[in-house]
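Structure first, then comments.
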2 protein chains.
Amino acid sequence: MYKRLAKRVQRTNQSGLGNIFETSQANLISFAAGFPDQNRFPKKALQQAFNQIFEQSEDETLQYHDSLGFEPLRQKVAAHLKQQGTPATAQNVLLTQGAQQGIDLTARLVLDKGDGLVVEAPTYIGALASFDAYEPTYYEVGMAEDGLDTNQLKKVLLQHDVKLLYTIPDYQNPTGSVMSLSKRQTLIELANRYNFIILEDSPYRDLCYHGNPLPSLRSLDTQGRVINLGSFSKILAPGLRLGWLTADPELCQALTTLKAGADVETPSLVMQGVNAYLETNSLEAHIAEINHLYQQKMDYMLACLDKYLPENISYTKPQGGFFIWITAPSNIDLGALLTSRMIPEGNVSYVPAKNLYPSKAFHNQARLNFTGQSFENIKNGVQAMSEILKDVLTQNYSYAGSNK
Amino acid sequence: MYKRLAKRVQRTNQSGLGNIFETSQANLISFAAGFPDQNRFPKKALQQAFNQIFEQSEDETLQYHDSLGFEPLRQKVAAHLKQQGTPATAQNVLLTQGAQQGIDLTARLVLDKGDGLVVEAPTYIGALASFDAYEPTYYEVGMAEDGLDTNQLKKVLLQHDVKLLYTIPDYQNPTGSVMSLSKRQTLIELANRYNFIILEDSPYRDLCYHGNPLPSLRSLDTQGRVINLGSFSKILAPGLRLGWLTADPELCQALTTLKAGADVETPSLVMQGVNAYLETNSLEAHIAEINHLYQQKMDYMLACLDKYLPENISYTKPQGGFFIWITAPSNIDLGALLTSRMIPEGNVSYVPAKNLYPSKAFHNQARLNFTGQSFENIKNGVQAMSEILKDVLTQNYSYAGSNK
């Protein structure tokens, strides 16, 4: 007999998230997954830190504790946020299973079925996978080089009731763009005027390769409407699955209660291990080191794109983060091309645009990650991708010509 | 301006879950929290295992992997389940953030707002905290010594549409009771006839002190309707936050997709560390060792209850697990008594019944944990609790007498 599942399952099954980490093909050059460079994980220092925890600490290390998370680590996260210019105290930092859980808990906090949710278009695929479970009414607001289109947002707000806005203001996933200061200020004003909550997802904020980060939305927040997310996944290692959120005490407490229902607490072993790492190592020095490498990788991928890509494919030039966003002529379906030729023939992959829009309306764009691959693979992958694109564009041109 | 949150927040804020781990009072003897004995966590062996992971494995150990979880560990969990008599393969085992996440993901999989959900009454408080977020319509079915009252369940099923039933068949939390084999068989038949899914939560299954475990519901499942949950929290250590679920491939795949949206994946470091532990240590031997201790603690608490409790307070005599359930005369509010006298005066705590029923209808019962405290504390705590209960019952008797 047919099993009766929740309505949300139909939508979440189409997220396309599962495909990103697909690496079954040997030697595939994946620009798809948002991988940090695994050769730079501070394994030795982490090993020492975890050893210290097993050796020195009380038996209660591995016991249940509480849903807010290990306090010394919350203090260090708060200090790190303050150094970034974002106000935070240990009391309003909640430790999470990566920033992903912060997205899920915020959706759980704010969204009833059908509620208005504004997302940047395109946006982070994993956020949509989480939001889908809460069945919101999506409103897409387009991205410009200086962040989301606030004029378009104003039109949405005049016509629709919006409860939550999700944004990645720093080195946006997937476009790489940074929201301008004036747009940040406008966004706070609009949130106050239209009574919505802003989810500021900032896992890339520390990964600044050119210029300086702008003030976070949370630092500009005047009415406690911003929930700010961060993560150790990009600056230490994803395999720790450790992130955080900071918000006003009222919201932080409600989110902590929701976390208790979701998974009780974040693994105590991991929280204490990372805390020990931070006590004897400089996170800032580690970030500076990986930023140096990531800047070189980004610049190298940009140089390769400049050299190999056909002229009518454009790409963004980010100041930081993990991603470059390419746009082909509107008749090119980069999703279809990925499975028909890029993976089997070019041995290269990326994230096609389709699943990065709730409306799934765009097909001619794709996200490229530059941090996870070697310089050699960056060059070879961009070359292979460019060859196929050239071929497709030539065919299209011929075909268009033959139609005349 | 008032911030607009989801309707579920009102309910989840009243769960009472946050109070269980309250340990701010020095030297409080807590029978409240479901703590394993922290002196028996295999710290040295886990340290060696985690060290091995940091030393031997590839750089990709700390990279992103996939939402299903580390395959060698899934194989070992499947083998452990098969040894228990529960069918499982690595392909239909999903590794989770403790069994708690399995509850949350199953609710997400099955429940639309208002859907019928049967729970045992009383049941696990954390399950209610998770279910509350999905706003089901609760139907409570009472507990007997041999598990939930299937006659009462049949009446519910005749009158209401039920999509999900949540049960803890082995050493139930909080009553300690074991569901009989005939009730297990009845439950499967009813699930098939009325087309609902069974969530079988079995974190205590290995903790059998007298007799032998009965076949799991999952092993009796004829139409793939049972989702079975387990956890390393009670048999290794809660601070790892590592659990699993097994279900038919169709459901397992949908749950994996939902996990991707919830927190991407379980920490790779923890999965690999526990896998390495299991490769060089006998989990069965470790379980036998803690079972020996827990049986002694349970028998000791039962002896103390027998000796000190007033006559008109009854208690269950479990065959395994973590908990004993006490029942006072119906006019005694053990919740009110906890805060008015037990904690401040008796220096002892327990989980009062109220929050273990969605209806919050019962006040004269409480859950006692025996695994987390020393023998001395078990004796002193039961004594202190019993003194206050005697006092209250005497007062009640006098008061009732003076009313004549």
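All chains are named by letter (A, B, ...) in the order of the sequence lines, taking the proteins before the strands, and each is independently numbered beginning at 1. All values below were derived from every heavy atom in this structure, side-chain atoms included, with hydrogens, water molecules and symmetry-related copies excluded.
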Under 4.5 Å heavy-atom distance to chain A, tell me which part of [X] shows up: side chain, backbone, both or neither.
X: L251(B); value: side chain
X: L258(B); value: side chain
X: A133(B); value: side chain
X: A99(B); value: neither
X: T96(B); value: neither
X: I197(B); value: side chain

Is chain B contacted by the side chain of F131(A), its backbone, both, or neither, given a heavy-atom distance below 4.5 Å? neither
A107(A) versus chain B, heavy atoms under 4.5 Å apart: side chain, backbone, both or neither? backbone
Contact between [X] and [Y] at the side-chain level, heavy atoms closer than 4.5 Å - yes or no?
X: I290(A); Y: D37(A); value: no
X: Q38(A); Y: L62(B); value: no
X: N51(A); Y: F50(B); value: no
X: D132(B); Y: R8(B); value: no

Any idea which of [options] has the most non-hydrogen atom pairs under 4.5 angstrom with chain B?
options: K163(A), R108(A), E250(A), E135(A); result: R108(A)
options: P238(A), S268(A), S130(A); result: P238(A)
options: T256(A), T266(A), L105(A), D161(A); result: D161(A)
options: Q101(A), Q97(A), Q63(A); result: Q63(A)
options: V270(A), L109(A), I103(A), L269(A); result: L109(A)

Is a donor on one side and an acceptor on the other found under 3.5 Å between the side chain of [X] and the backbone of [Y]?
X: D115(B); Y: D112(B); result: yes
X: D66(B); Y: G69(B); result: yes
X: R241(A); Y: E265(B); result: yes

Under 3.5 Å, is there a donor-acceptor pair linking the side chains of N369(A) and T371(A)? yes
Against chain A, work out which of [options] has the most heavy-atom pairs shorter than 4.5 Å and name it.
options: S233(B), A262(B), A237(B); answer: A262(B)
options: A127(B), G98(B), P36(B); answer: P36(B)
options: G224(B), G243(B), G273(B); answer: G224(B)

Would one find more than 12 heavy atoms of other residues, nucleotides or ligands at under 6.0 Å from atom NZ of K44(B)? yes
Checking V118(A), L117(A), L190(A) against V162(A) for side chain to side chain contact (heavy atoms under 4.5 Å, CB included), the one that qualifies is V118(A)
